Structures are given as structure tokens and as C-alpha cells.
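Read the structure below first, then the notes.
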Amino acid sequence: MGYAGVAAEARASVKSVPLIDLHAQYISIKTEIDAAIAAVIAKSAFIRGPHVEAFEEHFAGAIGAKHCVSCGNGTDALYIAMRALGLQAGDEVITSAHSWIATAETITQAGGKVVFCDTDKDTFTIDVKRLADLITPRTVGIIPVHLYGQPADMDPILALAERHGLWVIEDCAQAHLAKYKGRTVGTFGAAATFSFYPSKNLGAIGDAGAIVTNDAALARQMATFSRHGGLTKGEHEIEGINSRLDGLQAAVLSVKLEHLPSWTRIRQAVASAYDQGLASFSEITRPVIAASRQHVYHLYVIRHDHRDALANHLQARGVQTGLHYPVALPFLEAYAYLGHGPDDFPNAFHNQSRILSLPMYPEMSDAQRAHVIGAIGDFCARKPK
Ligand SMILES: Cc1ncc(COP(=O)(O)O)c(C=O)c1O
């Protein structure tokens with residue numbers, strides 16, 4: 001159901017639509033969440049312990065990976081994975097020009113050199129046609145990002161990586177349960193990193209993250225590094241960092257993990273209703289899904305040539321929107337030292353001023369969605385041509 005099929009009175013009753021509604025999610029599973037939190041507090045199992053171990057096992061199972069190493073957040077997950085893979089000073093790592101800064105800044109923090117690759121204009125994922133040209137004798141790895149919840153084109157990435165002896169870390173922060181050629185993302189590379197930031201498809205009640213892998217030795221190395229360099233109290237094989245998942249987050253995440261498959265299906269249904277409702281507005285570019293990908297719609301991102309005017313119009317109609325992200329990574333001040341210009345990343349540059357994230361969350365009502373579509377329709381109808 002798109003715009004039509006929702007009674008006018010129901011639409012008229014909607015005053016505002018947030019980008020995401022975490023309170024509505026909490027209310028929908030309040031009893032389970034409250035019980036899980038109480039159980040952790042009753043046992044004082046605050047750092048690691050049975051809740052963390054149980055979540056690691058469940059999450060690895062949900063992704064189809066052999067091992068899950070939980071940690072403090074999705075940024076640490078990237079850093080830990082790269083350190084455990086043995087990144088050396090000056091090693092080059094290729095990643096997407098269109099992502100959250102965590103994907104790139106951790107390369108530098110781990111001692112590497114960031115090499116940006118432009119994105120495919122329509123899917124926003126790393127442009128596999130441009131990857132080969134970026135490989136040098138110093139390249140050690142590739143970090144594709146399954147941006148917004150759509151998998152990157154993994155087959156050519158893996159083929160190239162194998163040919164050049166490179167590792168691949170999938171940045172799955174926005175793509176829990178997304179599928180590429182029928183297989184859940186997170187099992188394609190040497191390791192895959194996840195964020196459980198509260199607004200993510202699987203979100204904690206604070207910061208949380210994890211890395212999954214099928215490689216037992218790598219899992220051990222990552223766990224060791226993230227826990228001060230030792231898995232046994234008093235023993236430190238190496239110097240590490242402190243990045244641990246706490247019991248409260250783990251218990252909440254285990255509850256939410258049970259709901260994730262149905263929440264994902266609802267996100268996909270909301271997206272197809274948006275697709276249908278927006279189809280007649282020719283100036284709106286809807287999300288483009290490449291063949292053999294299952295998008296999980298962490299974000300539903302449209303494009304419009306007058307994006308800011310559309311966003312302002314929607315705000316005036318009570319519709320909250322977002323920009324993910326307003327400036328592509330190579331054009332941020334943080335990367336000015338690389339000296340890049342728009343011509344180096346034409347697709348990322350083209351998209352950064354056109355993208356607009358619409359409200360997307362499983363608890364969204366039909367009337368709220370119809371309100372968003374109606375407000376966009378009004379904008380398209382009145383915009384001077
Ligand atoms: C693509 C991507 N990578 C990495 C991260 C980092 O995750 P966290 O915020 O949990 O550190 C995020 C989170 O926003 C992300 O969207």
C-alpha cells in the first residue's frame with residue numbers, strides 16, 4: 001500500500017514523522033527488554049560474562065559465521081580487525097568514498113594509508129570497475145561498505161583480492177541480515193564488522209559492536225587485542241586495547257536479535273510501499289537495487305536535484321529527513337591532505353548534494369508513510385519547472 005489506500009482522515013491525523021522512532025520500538029518489546037536488563041543487574045554481570053557469551057554465539061549463528069568477537073562499537077570493530085590482520089605502517093587500504101568516517105579513520109589509526117574508491121552512482125557501494133586501478137604494491141586490503149543496507153558487489157571484489165593477495169573486511173554496520181546472491185553478508189571476507197549503535201537495524205541501548213569471521217586464529221587474535229592483549233586474567237601476550245561489550249548491551253541485543261528477521265521484513269515492506277507511492281514522481285530517484293542483492297533498508301535514500309528545498313518542505317510538513325552523508329569522505333577537511341577534487345570521485349560528488357534519507361523504521365504506521373509520500377507529492381506538484 002502506498003499513498004492510496006490510507007484513509008484521508010488517518011493521513012490528516014499525522015502531525016509529524018520522525019526519521020526513526022526508538023521509543024516506539026522499546027514500547028513494542030518493553031516487557032522483554034526490562035526483564036533482560038533486570039537479569040543482568042540481578043547477577044551483576046556487567047562486563048563480559050554469560051550474557052555477552054550468549055549474544056556472541058547467537059549473533060555468529062544469525063550471520064552464518066563461525067566466530068563472533070564483540071567489542072565496544074563498530075569503529076573499534078574495524079580498528080581491531082585491521083590490527084589483528086597485521087596492518088603495517090604505510091600499508092594501503094582501499095575503501096569507499098561514500099561512507100561514515102569510521103570506515104576511513106580507522107585505517108589511519110591502525111597505521112595505514114587511506115585510498116578512496118568512487119562509488120557506483122546508483123547503488124552507492126564501491127565501484128568495482130575502478131578498484132583494479134587503485135591497487136599498488138603497497139595495497140594490503142579492501143573495505144567495501146554495504147551502505148544503507150545494500151550489499152556491495154562482492155564477487156569481483158573477492159576475485160580481485162584473491163588475485164593480489166589482499167584481505168577483505170566487510171563493513172556491515174548498516175547491513176545486518178542483508179544478502180548477496182542468497183548469502184548473508186558478513187561471511188565473504190576475512191572478517192566483517194558490525195555496529196549496534198542504537199539507531200542501527202540491530203541497535204543496543206548505548207555503544208556496541210562486533211566482528212565476525214570464519215578464521216579461528218584471527219578470532220582469537222581479535223579477542224586478545226580487544227581485551228588488553230590477554231584472554232586469561234593476569235596474562236598479556238601483547239599490548240592491546242580495552243574494547244568490550246557490556247552485559248546490559250548484550251542482553252538487550254539478544255532480545256532484539258530474535259525480532260530482527262521480522263523487523264527486516266517490515267523494513268522491506270515499508271520500502272516497497274515507498275517505491276510504489278513515489279513511482280509517479282519522475283523527479284525523485286528511488287533506491288536502485290542491483291541484481292542478486294537483498295537490501296535491508298537501514299536507510300531509504302532518495303535523490304532529488306533540489307534536495308535542500310525538498311528537505312525544507314518536508315520539515316515544514318513535520319517530516320524529519322537525514323543526510324547520510326552531506327560531504328563524501330574525500331572532500332571532508334580531515335582528508336584535505338590527500339588533495340582530491342570532485343573529478344576524482346564524480347559519482348560520490350554528484351550524489352552528496354542529492355541524497356535524502358526518508359523516515360524508515362519498522363514501527364512506522366501506514367498513515368505516517370502516506371503522509372511522507374503525500375508531502376513529497378505536494379512538493380513535486382508545486383515546484384517551478
Ligand atoms: C558504515 C559505518 N561504518 C562504521 C560505523 C561505526 O560504528 P559505531 O558508531 O558503532 O562506532 C558506522 C556507524 O555509524 C557506519 O555507519
Side-chain angles (χ1 to χ4, degrees), residues 19-20 22 55 59 68-83 93-110 112 114 116-117 119-120 123-126 141-152 154 157 168-178 185-186 188-189 191-212 222 226 241-246 249-250 252-253 256 267 295-301 322-330 332 334-335 348 351-352 355 357 360-361:
L19 187 59
I20 175 171
L22 291 180
F55 174 69
F59 190 67
C68 169
V69 177
S70 60
C71 60
N73 53 66
T75 307
D76 283 358
L78 286 156
Y79 177 69
I80 293 164
M82 277 184 269
R83 289 295 305 265
V93 178
I94 304 171
T95 195
S96 174
H98 187 154
S99 184
W100 175 237
I101 191 167
T103 318
E105 68 187 354
T106 48
I107 296 172
T108 313
Q109 284 154 10
V114 183
F116 289 116
C117 181
T119 44
D120 174 73
T123 62
F124 308 110
T125 56
I126 204 160
I142 305 171
I143 307 183
V145 184
H146 305 311
L147 199 75
Y148 304 154
Q150 170 157 214
M154 292 310 296
I157 296 170
V168 172
I169 298 174
E170 295 171 75
D171 185 339
C172 300
Q174 304 187 2
H176 316 72
L177 302 191
V185 299
F188 290 94
T193 59
F194 287 85
S195 166
F196 306 121
Y197 183 80
S199 61
K200 294 293 195 276
N201 290 23
L202 178 61
I205 50 170
D207 272 319
I211 315 145
V212 299
M222 294 192 295
S226 64
I241 60 167
N242 176 11
S243 183
R244 298 178 292 219
L245 184 66
D246 69 63
Q249 303 307 339
V252 167
L253 286 167
K256 291 195 182 186
R267 283 178 183 275
H295 199 313
V296 292
Y297 295 100
H298 171 56
L299 295 166
Y300 184 93
V301 179
L323 302 181
H324 301 89
Y325 299 92
V327 181
L329 294 175
L332 290 171
Y335 296 105
N351 284 333
Q352 70 178 16
I355 45 172
S357 308
M360 166 56 79
Y361 50 95

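Each ligand, and each atom within it, is numbered from 1 in the order the structure gives. These numbers were taken from a predicted model, which means no experiment stands behind them.
- Distances from ligand 1 to the non-hydrogen atoms of Ser99 include at least one value under 4.0 Å.
- Selection from Asn73, Thr75, Asp171, Asp76 by nearest heavy atom to atom 6 (C) of ligand 1 gives Thr75.
- When all heavy atoms are compared, the tightest approach of Leu78 to Ile169 is CD2-CG2, 4.3 Å.
- Contact annotation: Asp207 has no heavy atom less than 4.0 Å from any atom of ligand 1.
- No option in Ile143, Asp120, Ile157, Thr119 other than Ile157 meets the side-chain contact (heavy atoms from CB on, under 4.5 Å) test with Ile126.
- Here the two rings, on Tyr197 and His298, have centers that are 6.0 Å apart or farther.
- In Val145, the part holding a heavy atom less than 4.0 Å from any atom of ligand 1 is the side chain.
- Near Tyr325, the atoms of ligand 1 lying under 4.0 angstrom from a non-hydrogen atom of the residue are 16 (O).
- The closest protein non-hydrogen atom to atom 12 (C) of ligand 1 is Trp100 CD1, 3.5 Å.
- Put simply, the side chain of Ser243 reaches to within 4.5 Å of the side chain of Ile80, judged on heavy atoms.
- Of the N or O atoms in Ser195, one or more lie within a sub-3.5 Å distance of an N or O in ligand 1.
- Note on ring orientation: taking the six-membered ring where Trp is involved, the planes of Phe59 and Phe194 are perpendicular (angle over 60°, cut-offs 30° and 60°).
- Paired with Asn201 under the rule side-chain contact (heavy atoms from CB on, under 4.5 Å), one option of Lys256, Gln174, Arg267 passes, and it is Arg267.
- Between atom 14 (O) of ligand 1 and the options His98, Lys200, His146, the minimum heavy-atom separation is to Lys200.
- Residues Phe116 and His98 have side chains not in contact (no heavy-atom distance under 4.5 Å, counting atoms from C-beta outward).
- Ring planes of Phe55 and Phe196: perpendicular class, angle over 60° (limits at 30 and 60°).
- When Gly74, Gly203, Ala173 are ranked by how near their heavy atoms come to atom 2 (C) of ligand 1, first place goes to Ala173.
- Each of the atoms 4 (C), 5 (C), 6 (C) of ligand 1 lies under 4.0 Å from some heavy atom of Ala102.
- Considering backbone and side-chain atoms alike, Gln174 places an N or O below 3.5 Å from some N or O of ligand 1.
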